[in-house]
**Q** 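Structure below; questions to follow.
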Amino acid sequence: MLRTKAMATMITLPRPPFFMILFLIVLLPSACRCADPDPLQDLCVANLNASIFVNGFPCKPLSEVKSDDFFFDGLRTEGNTTNVFGSKVTSAFVTDFPGLNTLGISMSRVDLAPGGINPPHSHPRASQTGVIIKGKVLVGFVTTANVFYSKVLKAGDMFVIPRGLVHFELNVGKGKALFLPAFNSQLPGFVVLPTTLFASTPPIPNDVLTKGFLIDAKVISDISSKLGS
């Protein structure tokens, strides 16, 4: 008797509406995508001279594609670190390396002078992984729950920074340092917090900065002047 009632209950359970099932089928793949869209062709070398582009550059005509479009030597040269941060980022994004267009990958080179820092920043469109090539580097990031993770890395060590989280790299060794980051986006974006907040054009109103950071206007003026030098 109990088994019959259980079977009746199972049989009479309401079925999900058709449109709800269709909605989940369409939505879930989009929600799970965490990198640039997959390409629908073998290659699409960026036409950097195009006046209009949406979520990527238009393709250069195949008749104009050359071998050099797929090779880039910009990361072989050491960057000039004579600046306020003692660091230099040399990018190999699609804007520098057109062959990356639509492929969802890119790299850069970061040189750090002794004591130099790649200041707190984020990449809104990509997760990042990297390998230390030379020196000793403190790598750290902060989650949206304000949890700080960090470690001092040496040559050959690898790290990963989840997409969009604020992070930094500080040279804590005695000599120069070098590491190579890679991204799962052809154009990951680079939001450097000090320059974004204190050296924007036009500038953010002082009232916003003084109240937001609990500092006085003179501190803002000192920071802005250093970033502008």
Side-chain angles (χ1 to χ4, degrees), residues 30-36 53-56 79-96 106-130 132 135-153 159-173 177 179 181-229:
S30 299
C32 293
R33 183 183 296 134
C34 57
D36 291 347
F53 68 94
V54 178
N55 206 31
N80 184 358
T81 59
T82 56
N83 55 63
V84 66
F85 295 120
S87 65
K88 175 61 178 179
V89 177
T90 304
S91 62
F93 303 155
V94 65
T95 47
D96 317 290
S106 61
M107 293 186 67
S108 62
R109 169 186 176 134
V110 182
D111 290 281
L112 298 170
I117 185 171
N118 192 17
H121 62 280
S122 67
H123 305 288
R125 295 185 290 272
S127 296
Q128 170 185 336
T129 186
I132 308 300
K136 186 185 295 185
V137 182
L138 171 64
V139 178
F141 69 90
V142 183
T143 71
T144 56
N146 289 332
V147 178
F148 176 53
Y149 296 96
S150 68
K151 188 172 184 177
V152 174
L153 304 179
F159 64 90
V160 64
I161 307 294
R163 177 178 177 176
L165 297 186
V166 173
H167 58 285
F168 66 86
E169 296 90 14
L170 173 67
N171 185 357
V172 294
F179 66 95
F183 308 90
N184 64 336
S185 171
Q186 65 186 27
L187 197 59
F190 199 85
V191 182
V192 182
L193 269 61
T195 54
T196 297
L197 295 171
F198 297 98
S200 65
T201 304
I204 297 174
N206 274 9
D207 286 349
V208 174
L209 297 175
T210 55
K211 293 180 180 179
F213 290 93
L214 305 177
I215 55 179
D216 58 41
K218 185 180 184 304
V219 175
I220 296 172
S221 177
D222 290 344
I223 296 174
S224 299
S225 63
K226 290 179 181 178
L227 291 174
S229 61

**Q** Taking all non-hydrogen atoms of both residues into account, name the closest pair between G79 and R109 and its distance.
**A**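 Taking G79 first and R109 second, the nearest heavy atoms are N-NE, 4.4 Å.
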**Q** Roughly how far, to the nearest 0.5 Å, is CG of L209 from CD1 of I220?
**A**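 Those atoms lie 4.5 Å apart.
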**Q** So do the side chains of L227 and F85 get within less than 4.5 Å of each other, counting heavy atoms only?
**A**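 When only atoms from C-beta onward are counted, F85 and L227 do touch, with a gap below 4.5 Å.
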**Q** So, does S108 use its side chain to make a donor-acceptor pair with the main chain of A92 at under 3.5 Å?
**A**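 Judged by distance alone, no pair lies under 3.5 Å.
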**Q** One pair to check against side chain to side chain contact (heavy atoms under 4.5 Å, CB included): V172 and V152. What are the steps and the verdict?
**A** CA-CA 8 Å; V172 294; V152 174; 4.0 Å; yes
**Q** Would you call the rings of H123 and F183 parallel, tilted or perpendicular, where under 30° means parallel and over 60° means perpendicular?
**A**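 It falls in the perpendicular class, over 60°.
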**Q** Side chains of Y149 and T143: does their closest heavy-atom pair fall under 4.5 Å?
**A**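 A side-chain contact under 4.5 Å exists here.
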**Q** Between V94 and S106, is any pair of side-chain heavy atoms under 4.5 Å apart?
**A**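 When only atoms from C-beta onward are counted, S106 and V94 do not touch, as no gap falls below 4.5 Å.
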**Q** If you measure from CZ on F168 to CG on L193, what distance do you get to the nearest 0.5 Å?
**A**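 With rounding to 0.5 Å, CZ (F168) is 12.5 Å from CG (L193).
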**Q** Salt-bridged, D222 to K218, with N to O below 4.0 Å?
**A**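 The answer is yes: the pair qualifies as a salt bridge.
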**Q** Give a yes or no on whether the backbone of F198 and the side-chain of S224 come within a donor-acceptor separation of less than 3.5 Å.
**A**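 Between the backbone of F198 and the side chain of S224 there is a qualifying donor-acceptor contact (under 3.5 Å).
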**Q** To the nearest 0.5 Å, what is the distance between OG1 (T90) and CG (D96)?
**A**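 Between T90 OG1 and D96 CG, I get 9.0 Å after rounding to 0.5 Å.
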**Q** Write down the atom of T81, the atom of K88, and the distance for their closest heavy-atom approach.
**A**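 Heavy atoms of T81 and K88 come nearest at CG2-N, 4.0 Å.
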**Q** Determine whether T95 and L187 make a side-chain contact, defined as any pair of heavy atoms from C-beta on separated by less than 4.5 Å.
**A**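 The answer is yes; the side chains approach within 4.5 Å.
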**Q** Output the distance between atom CG (N171) and atom CD1 (I117), rounded to the nearest 0.5 Å.
**A**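 Here the interatomic distance stands at 10.5 Å.
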**Q** Shortest non-hydrogen contact from N184 to S127?
**A**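 Taking every non-hydrogen atom into account, OD1-N, 2.9 Å.
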**Q** Could you measure the distance from the NZ atom of K151 to the CG atom of L138? Nearest 0.5 Å is fine.
**A**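 K151 atom NZ to L138 atom CG measures 12.0 Å (nearest 0.5 Å).
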**Q** Do you know which two heavy atoms are closest between A126 and S185, and how far apart they sit?
**A**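 In this case the closest contact between A126 and S185 is CB-CB, 3.6 Å.
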**Q** Residues two or more places apart in sequence or in another chain: which of them pass ring-ring contact (aromatic ring centres under 6.0 Å, His included) with F179?
**A**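 ring-ring contact (aromatic ring centres under 6.0 Å, His included) check on F179 returns F159.
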**Q** Got a sec, which residues hit side-chain contact (heavy atoms from CB on, under 4.5 Å) with V192, two or more places apart in sequence or on another chain?
**A**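 Result, side-chain contact (heavy atoms from CB on, under 4.5 Å) vs V192: P119, H121, F190, P194, T195.
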**Q** Heavy atoms only: give me the nearest D216-T210 pair and the separation to one decimal.
**A**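 Of all heavy-atom pairs spanning D216 and T210, the closest is C-CG2, 3.9 Å.
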**Q** Counting N and O atoms only, with roles assigned by atom type, does the side chain of R163 sit under 3.5 Å from a partner on the main chain of P124, one being a donor and the other an acceptor?
**A**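 Present.
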**Q** Are side-chain N/O atoms of N118 and S87 paired as donor and acceptor at under 3.5 Å?
**A**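 There is no such pair between these side chains.
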**Q** Between L197 and I204, does a side chain to side chain contact (heavy atoms under 4.5 Å, CB included) hold up when you go through it step by step?
**A** CA-CA 7 Å; L197 295 171; I204 297 174; 4.2 Å; yes
**Q** From E169 CD over to I132 CD1, what is the distance, rounded to the nearest 0.5 angstrom?
**A**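 If I round to the nearest 0.5 Å, the distance is 7.5 Å.
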**Q** Kindly give the heavy-atom pair with the smallest separation between I161 and L165, and that separation in Å.
**A**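 Minimum heavy-atom separation between I161 and L165: CG2-O, 4.1 Å.
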